[in-house]
Amino acid sequence: IGLPESARDAAYAALRLAGQIEDPYEIACMHLTLARTLMYEGNFDYALTSVRRAHETCSAGGWPNKAARAKIAEGIILSKKRDYELARNQLFGALELLSQSPDRLDEALALNELGRVMRQLDDLPDAVAHLERARSLLEQGDVLEQAFNERETGICLSRLGHAEAEMHLRRAFDLYRASGASDDLAATCKALGDLYLSRGDTTEAISILQEGLEYIEFRSQ
């Protein structure tokens, strides 16, 4: 929910209890959580080791959905590491697993991240297509994934010169504000600021960037 410090504390608390856990499924879940935490801290290699252990455990246990989640997590970590082509391959691998055992939210997660990765690879039409497909799978309660989708769509459309870009970024702004995910909200403010600057609307750009700085300062208190 956009609270990485709390996630980190919970993950390390779980790790301290790992020696008392015998259930492979619980161990795989712990490694997935730990991988996300390590990623937030910038320890990408350790995060990849942890998420791959989770994938091996899930594959051996015959849990395709959890194995797909591990592949999605690996794709996200590789993307954060800027290994975009490897990230793309892992995300396509996750989608292949999900074709055997469908799950709407997991598929949307993979497609959302795939949209971001394709944007980083400068394949904007493909990025938009993946994001549109993800949006059709998301439901009302998937607020953070909806917000991520709207922001990514807005960024892609702004680079393509489409007028709808602002609408999507504004939707992302409203969703992130309602969820309290201040880091993502600040990033959305930056995306809006970049859009306004590209249009020559300096006043709007300064206003939204100042709002983004306020959220960053609030998080640092």
Side-chain angles (χ1 to χ4, degrees), residues 1-118 120-121 126-127 130-131 133-139 141-146 148-149 152:
I1 59 174
L3 300 171
E5 291 87 356
S6 297
R8 178 197 61 209
D9 293 344
Y12 281 118
L15 187 61
R16 288 193 294 272
L17 298 169
Q20 304 174 37
I21 303 171
E22 296 181 358
D23 184 347
Y25 187 85
E26 293 296 336
I27 292 171
C29 291
M30 182 202 70
H31 276 296
L32 272 176
T33 304
L34 182 60
R36 285 294 187 103
T37 297
L38 291 166
M39 179 189 71
Y40 282 126
E41 295 180 344
N43 295 323
F44 299 122
D45 290 337
Y46 287 115
L48 287 170
T49 298
S50 201
V51 80
R52 286 165 183 165
R53 286 183 64 183
H55 182 262
E56 289 171 6
T57 303
C58 293
S59 297
W63 305 309
N65 289 95
K66 207 67 181 177
R69 279 260 174 156
K71 277 199 169 290
I72 294 168
E74 185 170 355
I76 292 170
I77 294 164
L78 287 166
S79 175
K80 295 290 186 185
K81 198 181 175 185
R82 300 186 180 181
D83 289 339
Y84 297 118
E85 292 186 358
L86 289 175
R88 177 190 59 196
N89 295 341
Q90 291 302 318
L91 292 165
F92 276 126
L95 289 169
E96 186 176 344
L97 282 172
L98 289 168
S99 70
Q100 304 163 26
S101 181
D103 182 288
R104 288 175 65 91
L105 181 55
D106 284 346
E107 188 176 352
L109 286 168
L111 289 166
N112 258 356
E113 188 60 29
L114 192 54
R116 194 181 86 85
V117 166
M118 297 311 288
Q120 296 290 352
L121 290 170
D126 237 18
H130 291 311
L131 291 165
R133 188 175 156 202
R135 192 156 55 250
S136 71
L137 296 168
L138 290 168
E139 298 178 356
D142 306 323
V143 175
L144 288 174
E145 286 304 315
Q146 286 178 342
F148 181 94
N149 183 286
E152 280 300 316

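- Across every non-hydrogen atom of Ala110 and Leu91, the tightest pair is O-CD2, 4.1 Å.
- By the side chain to side chain contact (heavy atoms under 4.5 Å, CB included) test, Tyr46 is found to be paired with Leu38, Asn43, residues two or more places apart in sequence or in another chain being considered.
- Distance CZ/Arg69 to CG/Leu98: 9.5 Å, rounded to 0.5 Å.
- We find the SG-NZ distance between Cys58 and Lys71 to be 11.5 Å, quoted to the nearest 0.5 Å.
- Atom NE2 in His55 sits 7.5 Å away from atom CD in Gln90 (nearest 0.5 Å).
- We find the OH-CG distance between Tyr84 and Asn89 to be 15.0 Å, quoted to the nearest 0.5 Å.
- Summarising the geometry, atom CZ belonging to Arg52 is positioned 14.0 Å from atom NE2 belonging to His31; distances are rounded to the nearest 0.5 Å.
- Counting only heavy atoms from C-beta outward, the side chains of Glu74 and Ile77 never approach each other to under 4.5 Å.
- Contact record, Pro24 with Thr57: O-CG2, 3.4 Å, taken as the closest heavy-atom pair.
- The closest donor-acceptor contact from the side chain of Arg104 to the backbone of Ser136 lies under 3.5 Å.
- Of all heavy-atom pairs between Ala47 and Met39, the closest is CB-N, 3.9 Å.
- With hydrogens and angles ignored, the 3.5 Å screen pairs no side-chain donor or acceptor of Ser101 with any backbone N or O of Leu97.
- Other residues, nucleotides and ligands contribute more than 12 heavy atoms inside 6.0 Å of the CD atom of Glu26.
- Glu107 places no side-chain N or O within 3.5 Å of a backbone atom of Leu95 that could act as its donor or acceptor partner.
- One finds the CG atom of Leu114 at 4.0 Å from the NE2 atom of His130 (value rounded to the nearest 0.5 Å).
- Within 6.0 Å of atom CZ in Arg135, more than 12 heavy atoms from other residues, nucleotides or ligands are found, so the atom counts as buried in its surroundings.
- Taking both residues in full, the closest heavy atoms of Leu32 and Ala70 are given as CD2-CA, 3.6 Å, listed atom of the first, atom of the second, then distance.
- Residue-environment remark: CZ (Phe92) exceeds the threshold of 12 foreign heavy atoms within 6.0 Å.
- Sorted by first and then second residue, the side chain to side chain donor-acceptor pair (under 3.5 Å) pairs involving residues 108-117 (not counting sequence neighbours) are Ser79-Glu113, Ser79-Arg116, Asn112-Glu145, Asn112-Asn149, Glu113-Arg116.
- What you find for Ala54 and Ala28 is that their closest heavy atoms are CB-O, 3.6 Å.
- At least one side-chain heavy atom of Leu138 sits less than 4.5 Å from a side-chain heavy atom of Leu105.
- You'll find the side chain of Met30 stays beyond 4.5 Å of the side chain of Ser50, heavy atoms only.
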